Amino acid sequence: MAQTYANFIAHVVFSTKHRLPFITPDLAPPLHAYLGGIIQELGGFPLIINGMPDHVHILLQLPLTQSVADILRVMKTNSSRWVRQTRDRNFEWQRGYAIFSVSRSATPNVIRYIRNQAVHHRDRAYSVELILLLRKHGVPFEERFIDQE
């Protein structure tokens, strides 16, 4: 085959350090836009970005020119630097992240899920949501590490 073809859509979740509620209502829109800009600069396409005061969900089409780890490192490093310089000098993301592959047919459901974060979190903490996502996607994990950082 002379060309490379791919449709790599991923749902990424990561939180603020120590789950602190840094992402205020006035910070969320510019932070989400900034993250989307980083994704585009890396050759990807953000489908939706939303979250809560202590975490963010991103659905994106990933570029094939860089590793997932490099993409997430650049997104988190650059966005945390931007927040520290423009809004809150104490802002930090947690070290890790969760990433799940998403089929094209499941994309509308994931978009709805991400759009409705406030509804999910009326009665569900971030750690509970993360455990449910990990189990749903068959990702092995140790529960004792979920609430660290």
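Since this is a predicted model, take the numbers as computed values, not measurements.
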Heavy-atom nearest pair, G44 first then P63, reads CA-CD, 3.7 Å
By side chain to side chain contact (heavy atoms under 4.5 Å, CB included), which residues pair with S105, not counting sequence neighbours? S103
R104 and N7 side chains, donor-acceptor separation under 3.5 Å: yes
How about T107 and I9: do any of their side-chain heavy atoms sit closer than 4.5 Å? yes
Give the minimum heavy-atom separation between V102 and A10, together with the two atoms involved. CG2-C, 4.3 Å
For W82 and L31: C-alpha separation, side-chain torsions, deciding distance, then whether side-chain contact (heavy atoms from CB on, under 4.5 Å) applies. CA-CA 9 Å; W82 176 78; L31 175 59; 4.3 Å; yes
Given side-chain contact (heavy atoms from CB on, under 4.5 Å), test F91 with K17 step by step and report yes or no. CA-CA 8 Å; F91 183 88; K17 187 148 189 170; over 6 Å; no
W93 and S79 side chains, donor-acceptor separation under 3.5 Å: yes
Take H11 and L60 through the side-chain contact (heavy atoms from CB on, under 4.5 Å) test and state the conclusion after the steps. CA-CA 7 Å; H11 177 188; L60 71 152; over 6 Å; no
If we ignore hydrogens and angles and just use 3.5 Å, is the side chain of N116 paired with the main-chain N or O of R112 as donor and acceptor? yes
Does the side chain of Y126 come within less than 4.5 Å of M52's, by heavy atoms? no
Can a side-chain donor-acceptor contact be found between Q117 and H57 if the only test is distance below 3.5 angstrom? yes
Measure the spacing between CZ of R87 and CD1 of I23 and express it to the nearest 0.5 Å. 12.0 Å
Which heavy-atom pair separates I114 from N50 by the least distance, and what is that distance? O-ND2, 2.9 Å
In terms of hydrophobic clusters joined by side-chain contacts under 4.5 Å, are V128 and V56 together? no
Given 3.5 Å as the limit, does a donor-acceptor pair link the side chain of S80 with the main chain of T77, or not? yes
Backbone N/O of L20 and side chain of D54: donor-acceptor pair under 3.5 Å: no
Kindly indicate whether the side chain of F100, heavy atoms from C-beta on, has any atom under 4.5 Å from the side chain of V139. yes
Taking the six-membered ring where the residue is Trp, are the ring centres of H55 and H121 under 6.0 Å apart? yes
Quick check: closest heavy atoms across T16 and P53, and the distance to 0.1 Å? CG2-O, 4.1 Å
To the nearest 0.5 angstrom, please state how far the CD1 atom of I58 sits from the CD1 atom of I48. 11.0 Å
Kindly work out whether a path of hydrophobic side-chain contacts (I/L/V/M/F/W/Y, heavy atoms less than 4.5 Å apart) joins I131 to L133. yes
Going through the distances and angles, do I39 and I49 end up as a side-chain contact (heavy atoms from CB on, under 4.5 Å)? CA-CA 11 Å; I39 293 164; I49 301 173; 4.2 Å; yes
Please tell me if the side chains of L72 and F14 come closer than 4.5 Å, counting only heavy atoms from C-beta onward. yes
Do the non-hydrogen side-chain atoms of F22 and D88 ever get within less than 4.5 Å of each other? yes
So does K76 pair up with E92, basic N to acidic O under 4.0 Å? no
Starting from L132, can I reach L134 by hopping between I/L/V/M/F/W/Y residues whose side chains sit under 4.5 Å apart? no
Specify the closest pair of heavy atoms between L35 and M75, including all atoms of both residues, with the distance to one decimal. CD2-O, 3.9 Å
Within 6.0 angstrom of E41 CD, more than 12 heavy atoms from elsewhere: no
Do F8 and Y97 land in one hydrophobic cluster if side-chain heavy atoms of ILVMFWY residues count as linked below 4.5 Å? yes
Rounded distance [0.5 Å steps], CZ in R135 versus CG in L130: 10.5 Å
